[in-house]
Amino acid sequence: MKSATGLAIAAMIAATAAWSDVIKPDEVVFVDGAVEASLSGVSGDPVVGAELMNKGSGNCIACHQVSALSHLPFHGEIGPPLDGVADRWSQAELRGIVANAKIMFEDSMMPSFYRVDGFIRLGDAYTGKAHSDGEVQPLLTAQQVEDVVAYLNTLKEE
Amino acid sequence: MKRPQILTRAMAVTVATLCAASASADPDEDSLTINGEIEIMTEAAAPAHLDDVDTIYSGWRFRSDETQSMQMDDFDNPAMIFVEAAAEAWDQVEGTEGKSCGTCHDDVDNMRGVRAVYPKWSETAGEVRTLEHQINDCRENQMGADSWNYTGGDMAAMVGLISSVSRGLPVNVAIDGPAQSTWEMGKELYYTRTGQLELSCANCHEDSYGLMIRADHLSQGQINGFPTYRLKNTKLNSVHGRFKGCVRDTRAETYKPGSTEFIALELYVASRGNGLSVEGPSVRN
């Protein structure tokens, strides 16, 4: 009992700490396209990151081939294969690329996953309707960016 | 702008080139003859106004052999059921004037050549009109009948019928003279990156045709094959219906079918296909 309560409280404190440490999309600091600090203040989970590569607003394999995910069907070819990507880019660079690839790669076709302004005819997700006046959510949350970056960090060949 | 980026760009280009060279990615080498007699140009030199593309290809060239073969004989083309229904509607008297399309236009074969030049500047209306608009104009003002839903089944079928008698003729929409400002508006829309994904028509259909995006083999997004019977929804799909789907997929607010924007975009996209054969109604996945 006692230790369980202790754990719960610890988890609550961790969650609160994480919340206050979240860097908002318009507060992210890019240096040469890279982002040094964790966006959520918490380290990412590569297992969750692997799921995001395939699903939802991540769907990275729509455009990228990833050999480690070859059990999943239909990898796209719009961007380069991500095999060995952690040998080519540092964690900060990967974070910058995932948060807003257009800073590292000018005019890139890659969507900006952690940005909330500057869109033309922003829709309400995939409904085809206009976005309401409410707050715009980034494609990935701060924690999801960290999870994806943690997964990318596992893609080493050397 | 640092060194790794240039490296990556070079790699991305290499990957694209490799993929384009492999059989799965390029438009294939198949040729299309319908019913053993109608030769379809599925490939042509790009029209002069296109700067970044040398060769234009029909979407047919990017589909699987099975899907392709369904279009090679009208008996196998599921779109033809809708065309037959439209052939009956052609002679159906409707509206307050007691007339059918056939009353004024006689045989539908008289429509040969029409699909190839639409959207087209209408002197009487003083605007660029799509085939759909012209058909509804005839229904309302010549027949005294209700207009059809722009992307509805009756309309798509009638457009399919009118297209079918032009199959094999080269698309040849006019982009100069009074149509020019509409065409320019369409071009602007084609290159505008919309929605939360910030993708333009050009990103997918000019920069990336031949490549896979998830399970889809990207074509040039030509409209010479419209209306298209899609295996995905088993009905005839209109040009504006397709545009709407593609804009929606960028997580954007779409334009309305029949809107000024989509008319302009249709004229521009049609002009990117000037030289390909009219192929509609076609089969796509």
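Since we're looking at a predicted model, the values are computed, not measured. The chains referred to below are lettered A, B, ... by the order of the sequence lines, with proteins before strands, and numbering in each begins at 1.
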Margin query: For the CD1 atom of A:Ile78 and the CG atom of B:Asn203, what is their distance to the nearest 0.5 Å?
Written below: 9.0 Å
Notebook entry, point to check: If we only count heavy atoms from C-beta on, is the B:Leu199 to A:Met109 side-chain gap below 4.5 Å?
Noted result: yes
Margin query: Less than 4.5 Å to any heavy atom of chain B: does that hold for the side chain of A:Asp117, its backbone, both, or neither?
Written below: neither
Notebook entry, point to check: Where does B:Ile213 contact chain A at under 4.5 Å (heavy atoms): side chain, backbone, both or neither?
Noted result: both
Checklist line | Heavy-atom pair of closest approach, residues A:Pro73 and B:Arg214 | finding: O-NH2, 3.1 Å
Check: Looking only at heavy atoms, which two atoms of A:Thr127 and B:Arg248 are closest? And how far apart?
Finding: C-CG, 3.9 Å
Checklist line | Part of A:Val116 within contact of chain B (heavy atom distance under 4.5 Å) | finding: neither
Note to self: Within a 6.0 Å radius of atom CG on B:Asp54, are there more than 12 heavy atoms belonging to other residues, nucleotides or ligands?
What the structure shows: no
Check: At what distance, to the nearest 0.5 angstrom, does CE of B:Met212 lie from CZ of A:Phe74?
Finding: 7.5 Å
Check: Between A:Met110, A:Lys129, A:His64, which has the largest tally of heavy atom pairs under 4.5 Å with chain B?
Finding: A:Lys129
Check: Relative to chain B, which of A:Gly76, A:Pro138, A:Gly128, A:Pro111 shows the most heavy atom pairs under 4.5 Å?
Finding: A:Gly128
Notebook entry, point to check: Which residues, numbered in order, of residues 180-198 of chain B come under 4.5 angstrom of chain A by heavy-atom distance?
Noted result: B:Thr192, B:Arg193, B:Thr194, B:Gly195, B:Gln196, B:Leu197, B:Glu198
Margin query: Heavy-atom pairs under 4.5 Å with chain B - which of A:Ile61, A:Asp124, A:Ile97, A:Val136 has more of them than the others?
Written below: A:Ile61
Checklist line | A:Arg121 to B:Tyr255 six-membered ring, cation-pi geometry met (6.0 Å, 45°) | finding: yes
Next item on the list: Taking all heavy atoms of A:Glu77 and all of B:Gly210, pick out the closest pair and write down the distance.
Entry: OE1-O, 4.2 Å
Note to self: Does A:Glu27 have more than 12 heavy atoms from other residues, nucleotides or ligands lying within 6.0 Å of its CD?
What the structure shows: yes
